[in-house]
There are 2 protein chains.
Amino acid sequence: MFQIDALSRVPVYEQLVDQMEKLVLSGLLKAGDPMPSVRSLSLDLLINPNTIQKAYSELDRRGILMSVPGKGCFVAETATEVIRKKIRDKSSDLIELVKDMKLAGAELEELLALVRSAYEGNKEVCER
Amino acid sequence: MFQIDALSRVPVYEQLVDQMEKLVLSGLLKAGDPMPSVRSLSLDLLINPNTIQKAYSELDRRGILMSVPGKGCFVAETATEVIRKKIRDKSSDLIELVKDMKLAGAELEELLALVRSAYEGNKEVCER
DNA sequence: CCAACTGTACTAAGCATCATAGTACAGATG
DNA sequence: CATCTGTACTATGATGCTTAGTACAGTTGG
């Protein structure tokens, strides 16, 4: 369910949060769905329970997850809404990136084509 | 010449490297140009000399800067070439971003317009 | 009821990175 | 020769990430 890259400079708990958001946006997780318990996910990923807890509490704080003591954690009703708002605010990141690549010599048409193929999911252009 | 954001999560020496790259790409710094000495820039920015040195040695390692013991540091001949290569490799970042924003509900036309205005330098659309 | 699960809280330790402080040495220069 | 230059080194403090271990309260199925 989750893929952790131990070599990444991104903290493990942050990787969990990011992947959780994508699972919700892609529809694999819906409001009300139960999440693995802190301890079971800990055993599954070979990660300390405290680290899982840190990710879960962060997701709870953002309104993406509902923690119910004694019962478990569930995808919150507001999850999709919250995540969409956050990600759409990334337009400033996109602007930054485009400006950098323009400075580096990228042509406008080149960038537009890149966006189109990424949006359409063109496998031949996507890297990695 | 350099603007350091002490509150940023990005390390100071990394901010220096990033800004140095942009100064070269924008043409404000050209091959052979002298850089401020480690100590003078340290006094100017109120940053420890070791931190400046860390940025300079990283820029030297990348082929963006030439360090000459006893004389000073100068913009390397390969600077522009090296930086352009690096930044143009950011196309995978752009692809990631577009995919995320698509999942979040952004329309293709919306993204294309964003790229165009960022490329043209439209002040009314650029944020911050 | 109770054993086994759930989330949660807490302390302690190890580790890495960043930044600072201070000292030192060799090369270049006017 | 004084003063600049880059460079190297040790030591220290602060912060963040992760692990380890313990503990407590709520929930649930047998």
Side-chain angles (χ1 to χ4, degrees), chain A residues 1-20 29 31-79, chain B residues 1-20 29 31-79:
Chain A
M1 192 176 189
F2 293 97
Q3 297 289 335
I4 298 304
D5 178 8
L7 299 181
S8 170
R9 82 174 90 187
V10 180
V12 172
Y13 83 94
E14 211 168 305
Q15 292 184 43
L16 288 173
V17 169
D18 291 345
Q19 291 184 31
M20 175 75 182
L29 284 178
D33 284 356
M35 292 292 295
S37 78
V38 171
R39 290 172 180 84
S40 67
L41 189 56
S42 166
L43 292 175
D44 184 27
L45 300 179
L46 298 180
I47 288 175
N48 192 279
N50 293 329
T51 304
I52 309 290
Q53 167 67 16
K54 190 168 184 177
Y56 275 16
S57 67
E58 176 62 22
L59 287 164
D60 182 290
R61 194 187 63 80
R62 296 190 192 178
I64 296 172
L65 196 141
M66 281 282 300
S67 290
V68 187
K71 300 193 70 174
C73 290
F74 307 87
V75 177
E77 299 295 331
T78 56
Chain B
M1 193 174 187
F2 293 97
Q3 297 289 335
I4 298 304
D5 178 8
L7 299 181
S8 170
R9 82 174 90 188
V10 180
V12 172
Y13 82 94
E14 210 168 305
Q15 292 184 43
L16 288 173
V17 170
D18 292 344
Q19 291 184 30
M20 175 74 183
L29 284 178
D33 283 355
M35 293 292 296
S37 77
V38 170
R39 291 172 179 83
S40 67
L41 189 55
S42 166
L43 291 176
D44 183 28
L45 300 179
L46 297 180
I47 288 174
N48 192 279
N50 292 329
T51 304
I52 309 289
Q53 166 67 16
K54 189 170 184 177
Y56 275 16
S57 67
E58 175 62 22
L59 286 164
D60 181 289
R61 195 186 62 81
R62 297 190 192 177
I64 295 173
L65 195 141
M66 280 284 298
S67 290
V68 187
K71 300 194 69 173
C73 291
F74 308 86
V75 178
E77 298 296 330
T78 56

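Within every chain, numbering begins at 1; the chains are lettered A, B, ... in the order of the sequence lines, protein sequences first and strands thereafter.
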Please report, rounded to the nearest Å, how far the [atom2] atom of [N] is from the [atom1] atom of [X].
{"X": "B:D5", "N": "C:dA19", "atom1": "CG", "atom2": "P", "result": "12 Å"}
{"X": "B:M66", "N": "D:dT7", "atom1": "CE", "atom2": "C1'", "result": "15 Å"}
{"X": "B:R61", "N": "D:dT7", "atom1": "CZ", "atom2": "P", "result": "14 Å"}
{"X": "A:L65", "N": "C:dT8", "atom1": "CG", "atom2": "C1'", "result": "14 Å"}
{"X": "B:L7", "N": "C:dC18", "atom1": "CG", "atom2": "C1'", "result": "15 Å"}
{"X": "B:E58", "N": "C:dT17", "atom1": "CD", "atom2": "C1'", "result": "14 Å"}
{"X": "B:L16", "N": "C:dC18", "atom1": "CG", "atom2": "C1'", "result": "13 Å"}
{"X": "A:L59", "N": "C:dG7", "atom1": "CG", "atom2": "P", "result": "13 Å"}

Open item on the list: Please identify which of these residues, B:V10, B:I4, B:V12, meets the side-chain contact (heavy atoms from CB on, under 4.5 Å) condition with B:S8.
Closed with: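 The side-chain contact (heavy atoms from CB on, under 4.5 Å) with B:S8 is passed solely by B:V10 among B:V10, B:I4, B:V12.
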Task: Residues, nucleotides or ligands: over 12 heavy atoms within 6.0 Å of A:M66 CE - done: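 Not more than 12 within 6.0 Å, no.
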- [ ] Identify, between A:R39 and B:P36, the residue whose nearest nucleotide on DNA chain D lies closer to the 5' end.
- [x]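 The answer here is B:P36.
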- [ ] Would you mind reporting whether B:S57 and B:Q53 have side-chain heavy atoms less than 4.5 Å apart?
- [x]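 Counting from C-beta outward, B:Q53 and B:S57 do come under 4.5 Å.
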Task: Summary of protein contacts for nucleotides 15-21 of chain D, nucleotide by nucleotide, where a base hit scores B, a sugar-phosphate-only hit scores S (4.0 Å, heavy atoms) - done: --SSBBB
Open item on the list: Run the side-chain hydrogen bond (donor to acceptor under 3.5 Å, both in side chains) test against B:R9 and tell me which residues pass, sequence neighbours left out.
Closed with: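 Once residues adjacent in sequence are excluded, B:R9 has no partner under the side-chain hydrogen bond (donor to acceptor under 3.5 Å, both in side chains) criterion.
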Task: Atom of B:M35, atom of B:L29 and distance for their closest heavy-atom approach - done: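 Heavy atoms of B:M35 and B:L29 come nearest at SD-CD1, 3.9 Å.
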Task: Nearest non-hydrogen partners of A:A76 and A:A31, listed with the distance - done: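 In terms of heavy atoms, the two residues are closest at O-CB, 3.6 Å.
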Open item on the list: Does D:dG6 have its OP1 or OP2 closer than 4.0 Å to a side-chain nitrogen or oxygen of B:S67?
Closed with: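 Answer is no, no contact under 4.0 Å.
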- [ ] First locate atom CG of A:L41, then atom SG of A:C73, and finally report the distance between them rounded to the nearest 0.5 Å.
- [x]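 One finds 10.5 Å between CG of A:L41 and SG of A:C73.
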Could you go through nucleotides 27-30 of chain D and list every protein N or O atom that sits under 3.5 Å from one of its N or O atoms, giving the distance for each pair?
residue, atom, partner, partner atom, Å
D:dT27, O4', A:G70, O, 3.3
D:dT28, OP1, A:K71, NZ, 3.4

Open item on the list: Quick one, A:L45 with A:L16, criterion side chain to side chain contact (heavy atoms under 4.5 Å, CB included). Give me CA distance, side-chain angles, the key distance, then yes/no.
Closed with: CA-CA 11 Å; A:L45 300 179; A:L16 288 173; 3.9 Å; yes
TODO: State whether A:E58 and A:R62 are salt-bridged, where the test is any N-O pair (Lys NZ or Arg NE/NH1/NH2 against Asp/Glu carboxylate O) under 4.0 Å.
DONE: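 Looking at A:R62 together with A:E58, the answer is yes, because their closest N to O distance falls below 4.0 Å.
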